[in-house]
Amino acid sequence: ETTLQSFFDSTDLMMGVLEIIDGRISTIIANRAAWADGDRVGSGSDQLPEALRLAPGGSEFWMPHLEAARRSGKTMRLKHQIPSMRASALEERIVTSAVSFIGCSIQGNPVYAWVGEDVTEKMHLEQRMEASRRSLEVSQAQLRQLTAQLLSAQDDERRRIARELHDDLNQRVISLSYDIDNEMQ
């Protein structure tokens, strides 16, 4: 258990091993990241890590997922919100969790591995990146529109100058033609 605890505490991920005793979730072991203040206060059904206990509906939230993991033999992945685990933070935290059935205890109770990650900052960063991407797309569309307007204005100006040159040249040719006619007479 000490080796497992050292391994668990070497990561920022929330990790633990859970056992179902009399229909209630009990923590066998959990790392410091799983507890709000970073200290384990013990184990047992009343001492669930905050990321598990504070999930919507607490234990009732987890039981169907744990049962599905046991029945299917697959890892169940879910995303949920919990109140901030730190007293200084006001916002709800977004946690992704994975639970896997790993066997039964000596008493025959189901035992599960749980890994959780606080993805709140990642989600906020993704939202900001998406907003920036949309803003960039709008800016690019505006730039394309302005470029098209500029090219159109340049074409219009070229046509205007060409007409003026053509008209001016025609007028000069006609004027010269009259001047030549007048001198020949």
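Atoms considered below: every heavy atom in the structure, side chains included; atoms not considered: hydrogens, waters and symmetry mates.
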Check: Does the side chain of Arg24 come within less than 4.5 Å of Ile20's, by heavy atoms?
Finding: no

Next item on the list: Give the minimum heavy-atom separation between Thr120 and Ile94, together with the two atoms involved.
Entry: OG1-N, 2.6 Å

Checklist line | Min side-chain heavy-atom separation Gln154-Glu157 under 4.5 Å | finding: no

Next item on the list: Give the cluster check for Leu78 versus Val95: same hydrophobic cluster or not, with ILVMFWY residues linked at side-chain heavy-atom distances below 4.5 Å.
Entry: yes

Next item on the list: Quick one: do Gln107 and Glu19 satisfy side chain to side chain contact (heavy atoms under 4.5 Å, CB included)? Show the steps, please.
Entry: CA-CA 10 Å; Gln107 296 80 16; Glu19 182 178 10; 3.8 Å; yes

Check: Which pair of heavy atoms, one from Ser105 and one from Val111, lies closest together, and at what distance?
Finding: N-CG2, 3.6 Å

Margin query: Would you call the rings of His65 and Trp62 parallel, tilted or perpendicular, taking 30° and 60° as the class edges?
Written below: perpendicular

Notebook entry, point to check: Would you say Asp155 has more than 12 foreign heavy atoms packed within less than 6.0 Å of its CG?
Noted result: yes

Next item on the list: Have a look at Ser100 and tell me which of Val115, Thr75, Leu66 forms a side chain to side chain contact (heavy atoms under 4.5 Å, CB included) with it.
Entry: Thr75

Notebook entry, point to check: What's the shortest heavy-atom distance between Ala68 and Met76, and which atoms?
Noted result: CB-SD, 3.8 Å

Notebook entry, point to check: Are Phe61 and Phe101 connected in a single hydrophobic cluster, I mean Ile/Leu/Val/Met/Phe/Trp/Tyr linked by side-chain heavy atoms less than 4.5 Å apart?
Noted result: yes

Notebook entry, point to check: With a 4.5 Å limit on heavy-atom distance, are the side chains of Met123 and Lys79 in contact?
Noted result: yes

Next item on the list: Dump the intermediate steps for side chain to side chain contact (heavy atoms under 4.5 Å, CB included) on Trp114 and Met14, then the final yes or no.
Entry: CA-CA 8 Å; Trp114 164 70; Met14 298 174 264; 3.5 Å; yes

Checklist line | Sidechain-backbone polar pair: Thr147 side chain, Leu143 backbone, donor-acceptor under 3.5 Å | finding: yes

Check: Taking 4.0 angstrom as the limit, do Glu137 and Arg134 come out as a salt bridge?
Finding: no

Next item on the list: Could you please spell out the steps behind the side chain to side chain contact (heavy atoms under 4.5 Å, CB included) verdict for Met129 and Arg133?
Entry: CA-CA 6 Å; Met129 287 175 56; Arg133 185 192 61 76; over 6 Å; no

Margin query: Whether Glu126 and Lys122 form a salt bridge (side-chain N of Lys/Arg under 4.0 Å from carboxylate O of Asp/Glu) is what I want to check.
Written below: no

Margin query: Show the nearest heavy-atom pair for residues Arg70 and Pro110, with the distance to one decimal.
Written below: CD-CB, 4.2 Å

Item checked: Spatial distance of atom CZ (Arg144) from atom CD (Gln142) [nearest 0.5 Å] -> 10.5 Å

Item checked: CG-CG distance between Asp156 and Leu151, expressed to the nearest 0.5 angstrom -> 11.0 Å

Note to self: Walk me through whether Thr96 and Arg77 qualify under side chain to side chain contact (heavy atoms under 4.5 Å, CB included).
What the structure shows: CA-CA 7 Å; Thr96 58; Arg77 300 178 196 292; over 6 Å; no

Notebook entry, point to check: What distance do Leu150 atom CG and Leu146 atom CG have between them, rounded to the nearest 0.5 Å?
Noted result: 8.5 Å

Notebook entry, point to check: For Arg128, does its backbone N or O pair with a side-chain atom of Ser132 as donor and acceptor, under 3.5 Å?
Noted result: yes

